[in-house]
Chemist: 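Please see the structure below; I have some questions.
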Amino acid sequence: MEEVIDYSNTAFVAGLNEVQKIAVLEVEGPVLILAGAGSGKTRVITHRIAHLIRDRQVSPEAVLAVTFTNKASKEMLERVKHLIQEESRGLWVTTFHSMGAKILRKHPEALGFDKNFSIYGPSEQKTLVKAIMKDLNIDPKRYQVKTLLSYISNFKGDNIHPEEAHKEVNDQNIVKVYDKFQSSLKEANAMDFDDLQFHLLTLFEDHPEILEIYQERFEYILVDEYQDTNQIQYDLVKLLSKKHGNVCVVGDEDQSIYSWRGANIQNIINFTSDYSTPDQEVKRYELNINYRCPGNCLRAANLLISNNTQRTTDKQSMIPHKDDGDMLPYFLGFDGHDEARDVCRTILNLQDEGVNLSTAVILYRTHAQSRVMEQQFIREGIPYQIFGGHRFFERKEIKDVLAYLSLLHNAKDSEALYRIINVPARGIGAATLTKLRSFAENHRIPPLLALDGIDTVGAGVQKKLLGFYNFYLEFLDFFHENHSLVDLTRFLLEKTDYINYLRSKDEHERLENIDELINTMAEYEENEENPTLEGYLEKTALVAAIDGFEEDSGLVTMMTLHNAKGLEFDYVFMVGLEEELFPHANSLEDANLLEEERRLCYVGVTRTMKELYLSSARSRYIHGVEKYQVPSRFLREIGDEFIMKV
DNA sequence: TTACTGATCCTTTTT
DNA sequence: GGATCAGTAA
């Protein structure tokens, strides 16, 4: 019989409420924590990890905590470190994607990849699909690249391999593209975001001896935002937790907002039946006290979400801890500008009262709405920062420089080569590229090597290709001399004349961005224990918009509602509350999608710590045409009881 | 091959 | 209102 130790007075439950305490202390077996908005979820998770390591002497190496964004994992790790005040070496607090990259790099040969595989983001995916469509003679009028990519992503998210895909769709062109897409990625020694999870699962399924290493290692597994997991993620958690069975998932079905990218809300709803065994029932804890929102705001949110019919009936609604606060002000503007003006007015008033601008956020449904806001903020001289939209690492000049570096890291990276072989212009155009592609494919060699051997082009072109190849060899030699990332980049910018190429086109902003990129490298090299090109490229590939968010910037924040999940602000402005915008036009026909829009609205409302401002416009420019808008049904659902028209 | 121009399609949300 | 794309002239 094991000695029973009473942990109920551990330092890690001080200041927690009763349910939170139990949720921290119950570490054995499968545990489901239903954590409503603002219920102290992160606190419970971090205290739980601290409790495991400090009180129960669990080795940090035996703990795996998975989140959805780098920002969340970084924060969580910092909070744990702060709590335990000791070495957290070996503790994995990571996203599903980073975990995939990390494990796959340890066992690349098992799936036929090299350790130095590249990670392809959306732009590489797009160009690759385009090339494949051309190659397979698929009519670009009949198939959108975007649609094909979403099929591919869905296949991978459901763990359907190319050879099984024909059973899933009738249209065999889609299957062919998928099949070719995967084989091209492999040729290029590259994986896209989905592959980082998809291949990881394959690795585990095909190599039980590898799976066992991790099953053995991770005695305690925690998964945050479990309501947003897809099939692959479900399978990964199931496999990894099989050995020890200590799996704790945390989530809230009312905050599930990613079904469109494959998230399956059933994962959390079925957790109890799924993980209970004859000798061990799933323990279920419900955190339903909200410490974040003013009472009225929270009750409005409760009322709103009660319109969703597909909730599991046994979940209680959230109970406010704070006082009622004021009614929710609602402003109806003539148009988007009028709405933006009102937001600015309110913010200026708050500023006069001494409010720090970083405590305010503007939340909208679509990125496109940021423009009108931005214009008004500039006019009024209110400093702001926008998240999402055009992301830094998606900019052309940044991708160009990174592509040069990728080619050093992974010589098979064909997308990187095609991207920069003619940037700056070297007289190598589309026609030559097509020849290069087919030559490389026919000879089954990476296109980079084909530069040296290609015999299907004229002598002039051949000379140009060879010129680039020689530059590459020189660059590679320089790389092997162990220069820093910053020096590597300076070298390439100089040798390729990239800077002058931008200067000649008067691209000041792009030049500044390149400087900024070099700064990120310097910063990376300074902060990282063991900085490598591989590490840097991986980091830049997997950054999310929200990762750069700083709490105390002195700026008003603008972001989409999706980006706001997991954050909280004193003053929240939810704008564009109009039918066909929010709820979005594409979601009106489908009851499931509509409920997801409502959950998104619920997420927005529950970000509020002090005051929530609602607004919409009577007319709005959409795609350049003026449209008359109807106020959102969500306003009606919140009800007059809580709303005050201003 | 490049650089420019006009036509066309969009746009929901993202790791 | 903008990004991307196809077509055309140099």
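Note that this is a predicted model, so its numbers are computed, not measured.
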Chemist: May I have the distance from A:Met558 (atom CE) to B:dT13 (atom C1'), rounded to whole angstrom?
Modeler: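 After rounding, the gap between these two atoms is 19 Å.
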Chemist: Send over the distance from A:Glu580 CD to B:dT13 C1', rounded to a whole Å.
Modeler: 17 Å
Chemist: Can you name the residues that form a ring pair (Phe, Tyr, Trp, His ring centres under 6.0 Å) with A:Tyr364, not counting sequence neighbours?
Modeler: none
Chemist: Send over the distance from A:Leu581 CG to B:dT13 C1', rounded to a whole Å.
Modeler: 12 Å
Chemist: Listing time: all N or O pairs from protein to nucleotides 9-11 of chain B that are below 3.5 Å?
Modeler:
from	atom 1	to	atom 2	distance (Å)
B:dT11	OP2	A:Gln144	NE2	3.4
B:dT11	OP2	A:Lys146	NZ	3.1
B:dT11	O5'	A:Lys146	NZ	3.2

Chemist: Give a yes/no verdict on a cation-pi contact between A:Arg105 and A:Phe117, requiring under 6.0 Å between NZ or CZ and the six-membered ring centre and an angle within 45° of the axis.
Modeler: yes
Chemist: Just checking, any donor-acceptor pair under 3.5 angstrom between side chains of A:Gln233 and A:Gln197?
Modeler: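 Result is yes, a qualifying pair exists.
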Chemist: Between A:His367 and B:dT14, is there a side-chain N or O to OP1/OP2 distance below 4.0 Å?
Modeler: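 For A:His367, the contact criterion (side-chain N or O under 4.0 Å from OP1 or OP2 of B:dT14) is met.
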Chemist: Show your reasoning for whether side-chain hydrogen bond (donor to acceptor under 3.5 Å, both in side chains) applies to A:Glu596 and A:Asn592.
Modeler: CA-CA 6 Å; A:Glu596 181 149 306; A:Asn592 293 324; over 6 Å; no
Chemist: Please state whether the rings of A:Trp92 and A:Phe218 are parallel, tilted or perpendicular, taking 30° and 60° as the class boundaries.
Modeler: tilted
Chemist: Give a yes/no answer on whether the side chain of A:Asn563 brings an N or O atom under 4.0 Å of OP1 or OP2 in B:dT13.
Modeler: no
Chemist: Please enumerate all residues that pass ring pair (Phe, Tyr, Trp, His ring centres under 6.0 Å) together with A:His107, with sequence neighbours excluded.
Modeler: A:Tyr214
Chemist: With heavy atoms under 4.0 Å as the rule, sort A:Tyr621 into base, sugar-phosphate or nothing.
Modeler: nothing
Chemist: What residues in residues 125-134 of chain A put a non-hydrogen atom under 4.0 Å from any atom of DNA chain B?
Modeler: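 Contacts with DNA chain B under 4.0 Å: none.
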Chemist: OP1 or OP2 of B:dT14 less than 4.0 angstrom from a side-chain nitrogen or oxygen of A:Thr69, does that happen here?
Modeler: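 No, because none of the side-chain N or O atoms of A:Thr69 sits under 4.0 Å from OP1 or OP2 of B:dT14.
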Chemist: Expressed as a whole number of angstroms, how long is the span from A:Ile386:CD1 to B:dT13:P?
Modeler: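 Computing the A:Ile386:CD1 to B:dT13:P distance gives 13 Å.
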Chemist: Check whether the aromatic ring of A:Trp260 stacks on the base of B:dT13, taking stacking as ring centres less than 5.5 Å apart and planes within 30° of each other.
Modeler: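 It does: the ring sits over the base of B:dT13.
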Chemist: Would A:Gln369 and A:Thr366 count as having a side-chain donor-acceptor pair, cut-off 3.5 Å?
Modeler: yes
Chemist: Could you tell me the separation between the CZ atom of A:Phe96 and the P atom of B:dT15, rounded to a whole number of Å?
Modeler: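 Interatomic distance, CZ of A:Phe96 to P of B:dT15: 15 Å.
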Chemist: Take A:Phe582 and A:Phe634 through the ring-ring contact (aromatic ring centres under 6.0 Å, His included) test and state the conclusion after the steps.
Modeler: CA-CA 8 Å; A:Phe582 191 31; A:Phe634 297 149; 5.3 Å; yes
Chemist: Measure up the A:Tyr226 and A:Phe271 rings against each other and bin them: parallel (under 30°), tilted (30 to 60°), perpendicular (over 60°).
Modeler: perpendicular
Chemist: B:dT14 C1' sits how many Å from A:Tyr258 OH, rounded?
Modeler: 6 Å
Chemist: Tell me the interatomic distance from A:Lys396, atom NZ, to C:dG2, atom C1', rounded to whole angstroms.
Modeler: 18 Å
Chemist: Write down the distance between CD (A:Glu596) and C1' (B:dT14), rounded to a whole number of angstrom.
Modeler: 12 Å
Chemist: Going by the rule salt bridge (charged side-chain N to carboxylate O under 4.0 Å, His left out), which residues pair with A:Asp158 if we only count those two or more places apart in sequence or in a different chain?
Modeler: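 A:Asp158: no salt bridge (charged side-chain N to carboxylate O under 4.0 Å, His left out) contacts found.
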Chemist: Which atoms of nucleotides 1-3 of chain B (N or O only) lie under 3.5 Å from a protein N or O atom, and what are those distances?
Modeler:
from	atom 1	to	atom 2	distance (Å)
B:dT1	OP1	A:Thr432	OG1	2.5
B:dT2	OP1	A:Asn422	OD1	3.2
B:dT2	OP1	A:Asn422	ND2	2.8
B:dT2	OP1	A:Gly427	N	3.2
B:dT2	OP2	A:Asn422	ND2	3.1

Chemist: Pair A:Met373, A:Tyr384 - check side chain to side chain contact (heavy atoms under 4.5 Å, CB included), show working.
Modeler: CA-CA 10 Å; A:Met373 277 295 152; A:Tyr384 65 91; over 6 Å; no
Chemist: For DNA chain B, whose closest nucleotide is more 5', that of A:Phe193 or that of A:Glu597?
Modeler: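 Between the two, 5'-proximity favours A:Glu597.
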Chemist: Does atom NZ (A:Lys134) have a neighbourhood of more than 12 heavy atoms from anything else shown, all under 6.0 Å?
Modeler: no
